[in-house]
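As structure tokens, the structure follows; a few thoughts come after it.
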Amino acid sequence: MNDEIRIAVLGVGKMGSFHVDSLTRRTRGARVTVVGDVSDEQAHRVADPIGARVVADPAEAIAADDVDAVVIATPGSAHEAQVLACLEAGKPVLCEKPLTTEAATAAAVYRRETELGRRLIQVGFMRRFDHEYAALQQMIAGGELGAPLMLHCTHRNPAVPEFFDSEYMIRDSVVHEADSARFLLGEEIAAVSVVRGRPTADAPPGVSDPMLVLFEADSGALVTVEIFVRTGIAYEVRTEVVAEHGSAMIGLDQNVVTKRRGGTWGGTITPDFVARFGQAYDDQVQRWVDAARAGIASGGDAVDGPGSWDGYAAAAICEAGVAAVVKGERIETGMEARSGAGGAMGGVA
Ligand code: ISE
């Protein structure tokens with residue numbers, strides 16, 4: 001193996017381009033050699049300045065001789081085939097969420113990786129690499145607050161495209177709260193309910209924005225999620241844990257300079273998720289590259305973060321969440337029993 005592992009990045013929209021930039025400028029031990037995208041023009045825009053090849057066919061990119069590992073940032077519907085191709089090629093893969101779009105297919109991917117006996121799939125739940133989430137997880141796991149009883153999660157985006165309907169809000173946004181809740185509580189989610197409230201006038205007809213989502217964890221601990229994706233303000237993600245002997249909160253945007261100017265004072269709120277979680281995205285990529293290099297050298301596991309089991313769990317929770325939105329009922333996640341490893345970091349992963 002070369003000193004640097006050679007990476008193919010599939011899908012270079014907002015997230016994929018960010019990962020190419022991170023791999024090229026801020027990550028040690030890796031180099032992007034291949035870029036693929038449905039838009040040839042966009043692929044060249046990203047690949048040409050860094051001297052990477054453009055390969056339009058994802059299967060060809062995954063199999064290429066100048067590719068040791070793969071980052072998948074294509075639309076979710078393409079993930080299943082691409083992740084399975086990485087498994088068959090024996091190449092480590094960092095796959096943006098979702099692992100796949102349905103719980104059944106995500107479970108099948110998890111089982112296939114388990115059969116291979118080698119962990120190659122990392123799922124891009126980047127919040128686990130954010131310093132505040134990591135500190136809160138350690139605080140809870142360390143027991144200083146006593147048993148966690150409730151999590152209150154706030155998830156607000158300033159704006160989203162028109163197609164973001166209530167179901168999409170669960171799959172694309174609440175999915176992060178599903179993974180964060182499992183990570184922070186260290187247990188699985190048993191059931192999901194959704195209350196559709198009064199929508200903002202900015203929501204398209206029939207779309208419930210905001211909504212209140214309730215997760216019930218195996219222990220009975222409760223997780224409330226306010227999901228509101230058209231606030232018109234900024235990107236706000238907060239979590240409070242309420243435990244037996246205390247509470248703690250993250251996401252208060254307090255790590256900023258308070259400015260006084262023009263008769264006002266105050267700080268700024270991060271405009272979007274890349275700004276808010278930039279450190280987490282970069283650390284996630286660096287730790288994945290280090291794990292992939294080690295796994296390629298040893299022929300063993302190549303993951304340092306949430307894995308295929310976590311991808312499956314998130315898919316099962318979101319599937320229940322979507323059913324809860326549609327039927328207006330409490331829906332059990334009905335998760336399969338775990339058979340292999342498929343994850344790392346935090347209690348359940
Ligand atoms: C987006 O796709 C993300 O992954 C962000 O982290 C999330 O906050 C946002 O709501 C999603 O649309």
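The basis for the numbers below is simple: all heavy atoms, side chains too, and nothing from hydrogens, waters or symmetry mates. Numbering of ligands and ligand atoms starts at 1, following listing order.
For the ligand labelled ligand 1, residue M169 lies outside the 4.0 Å heavy-atom shell. Ligand 1 has at least one atom lying under 4.0 Å from a heavy atom of D172. For the pair K97 and ligand 1, a heavy-atom separation below 4.0 Å is found.
If you run salt bridge (charged side-chain N to carboxylate O under 4.0 Å, His left out) between D304 and each of R128, R119, R287, only R287 comes through.
Near S173, with a cut-off below 4.0 Å to any heavy atom, the atoms of ligand 1 are 9 (C), 10 (O), 11 (C), 12 (O). Every atom of ligand 1 with a heavy atom of H155 under 4.0 Å away is listed here by number and element: 7 (C), 8 (O), 9 (C), 10 (O).
For ligand 1, none of its N or O atoms has an N or O atom of R127 under 3.5 Å away.
Proximity of V285 to L94: side-chain heavy atoms (C-beta onward) are separated by under 4.5 Å at one or more points.
Looking at F228, F273, Y235, it is Y235 that brings a heavy atom closest to atom 8 (O) of ligand 1. The heavy atom nearest to atom 9 (C) of ligand 1, considering only N157, I227, V174, is found in N157.
Looking only at protein heavy atoms, the nearest one to atom 4 (O) of ligand 1 is H176 NE2, 2.8 Å.
Ring geometry for F163 against Y168 counts as perpendicular: the plane angle is over 60°, on a 0 to 90° scale with 30° as the lower cut. Ring planes of F125 and H176: perpendicular class, angle over 60° (limits at 30 and 60°). Using cut-offs of 30° and 60° for the angle between ring planes, the F277 and Y133 rings count as tilted.
When hydrophobic residues (I, L, V, M, F, W, Y) are linked wherever their side-chain heavy atoms come within less than 4.5 Å, F228 remains an isolated member.
Looking at D130 and R127, no side-chain N of the basic residue comes within less than 4.0 Å of a carboxylate O on the acidic one, giving no salt bridge.
Looking at F277 against ligand 1, nothing comes within 4.0 Å, counting heavy atoms.
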